[in-house]
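First the structure, in the form of structure tokens, and then the observations on it.
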Amino acid sequence: MQSVPNKVLNKIYTNRSTFIKSKERFKNLIQGFNKHFPNESSKLAFFHAPGRINIIGEHTDYNGLPVLPIAIDRDIVAVISKRNDNRIVLANTSSSFNKINFTLAPNLPHAEKGSWENYVKAACQTVINYTGTHKLFGFNAVIDSTIPIAAGLSSSAALTVLITKILVELNKIRIDSLILAQKVAEGERYVGTATGGMDQTISLLGKPGHALKINFLPKLNVEPVKLPKNYSFVVSNSLVHAEKSGAVQQHYNRRVIECRLVCALIEQYLNINGYKLKLNLLGDLKKCLTKGTTKFKTGKLKDRDIFDLINLVLKKESYKLTDIAEILEITTNVLTKKYLILPNENVFIEPEDGFKLKPRCLHVLKEWIRLETAVRLMKKNDVKKLGKLLLESHNSLAESYEVSCPELNKLVKIALDSGAVGVRLTGAGFGGCVISLVKNTKVGSFIAKVKKEYYKSAVDETTMFVVTSTIGAGKLF
Ligand code: GLA
């Protein structure tokens, strides 16, 4: 039976116990493949794509502002064989997932909402659109995932990245990895959530020992930042499911739309005041910050701080659709068509409590500043101050962005009481995980205390674990 060499596994699973388990895992995977595809005699290939945590910079990516994630050794691995036609046949080692079987076509029809098949199709559609052909080699595959589902650790992006990488490799498509990251991120919107590009980029480009500062403007680029010395990030799952293709989708898309509406109002204000600036994303505000300071300059507004600008533009916390249309001097119909259309072409329905433009905007801009500070602190290994920033970020996500939940807040409190120097939710929120920054010498007692206080009973290592950074997605062997 074909197997994966130790030196390959060693590159991904630097943690000893994960490495040992990975050998058993790959063995099971190959057995699973033989069961699903008993007559397959062609050579097998192996791929992996990691999940991630994000240290700071939450809900900034779709605003064109940076993020700081780490690729982690919780990943999806695939064993595959190339087909001679353009069919995709894919099974999962977990029996909760149906077997997938479809032929590539110019426009792939969606599977039912919530199905994992949509992520596989999103990846295939991305490659079809990029190459301009659906006449690509398909594959038979079995995959296995150690990324907890709906936990904010990017299991869906890892799947999309994995499938894309397989197709790119099998069809010998030449594409730069940054462009690929961008394409996969855009392609994943097929599933209906207007996500940014953080998850796909880190899954593709992760680097051991480092987080990546991912900048989206003026164009996608990444900067490795060394992880703090003598400290670890510990993941704790709140066990509240945050299914991005399910209930969370509406809440997430709402934030994206609220940020778009803020941009429209700021742009309008600036234009009226004689400053011509196209503001598609809040990150475009970078263009009007004078170099080296956060001072804001326009023809008429002198040396105003960016937050003064926000206070000038956004006079109240929450806006009705009719308020916004009136300010922009357009009809609500035009406004809807321009700003409220979702990736699946549906119209976003106005929330009963209005669009909470001011708190959302303040979170995003302050989170950006926190991220830049965090990168500087990491370079100095100033972990105490970094920890404080993580907590500030969490509080802002809870209060201004409203993406936390009682369970996450409870975990944050318990983590702080158990010795973490900083803690926050990671990923989109609405459930999922928190990450705690903990001194290495205290990790054991920290985990024991959190287990006792939050989980009350024993939990396995998918629920609470120490993060080990790893390499980005690719062919292993
Ligand atoms: C999800 C999205 C990312 C990002 C985070 C929030 O993980 O997929 O693009 O927006 O939420 O920071």
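Counting convention: from 1, in listed order, for ligands and their atoms alike.
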Study note, to complete from the structure: Under 4.0 Å from one or more heavy atoms of Gly196, ligand 1 contributes atoms 9 (O)
Review point. Which of these, Asn92, Ile143, Ile163, sits in a side chain to side chain contact (heavy atoms under 4.5 Å, CB included) with Ile76?
Key: Ile143
Check your understanding: When only distance counts, is Gly427 in polar contact with ligand 1, meaning an N/O pair under 3.5 Å?
Key -> no
Check your understanding: Just checking, any donor-acceptor pair under 3.5 angstrom between side chains of Asp73 and Thr470?
Key -> no
Review point. Do we see a donor-acceptor contact under 3.5 Å between the side chains of Asn63 and Thr60?
Key: no
Study note, to complete from the structure: salt bridge (Lys or Arg N to Asp or Glu O under 4.0 Å) filter on Asp353, not counting sequence neighbours, yields Arg254, Lys356
**Study point:** Ionic contact status for Lys410 with Glu453, cut-off 4.0 Å
**Key:** no
Check your understanding: Considering only heavy atoms of Tyr62, which atoms of ligand 1 have at least one such atom less than 4.0 Å away?
Key -> 10 (O)
Review point. Taking only residues at least two apart or on different chains, which pairs with a member in residues 178-198 satisfy side-chain hydrogen bond (donor to acceptor under 3.5 Å, both in side chains)?
Key: Thr160-Glu188, Glu188-Gln200, Thr193-Gln249
**Study point:** Heavy-atom nearest neighbour in the protein, as seen from atom 5 (C) of ligand 1, with distance rounded to 0.1 Å
**Key:** Met198 CE, 3.7 Å
Practice item. Compute the minimum heavy-atom distance from Arg255 to ligand 1 and say whether it is under 4.0 Å. Key: no
Exercise for review: Answer with yes or no after comparing the ring centroid distance for Phe139 and Phe47 against a 6.0 Å cut-off, counting only values under it.
Suggested key: no
Practice item. Please say whether Thr60 places an N or O atom under 3.5 Å from an N or O atom belonging to ligand 1. Key: no
Point to revise | Closest to atom 1 (C) of ligand 1 among Asn54, Asp199, Leu397 (heavy-atom distance) | key: Asp199
Study note, to complete from the structure: The protein heavy atom nearest to atom 9 (O) of ligand 1 is Asp61 OD2, 2.5 Å
Check your understanding: Which ligand 1 atoms does Arg52 reach within 4.0 Å, using its non-hydrogen atoms?
Key -> 7 (O)
Review point. If you measure every N/O of Tyr252 against every N/O of ligand 1, is any gap under 3.5 Å?
Key: yes
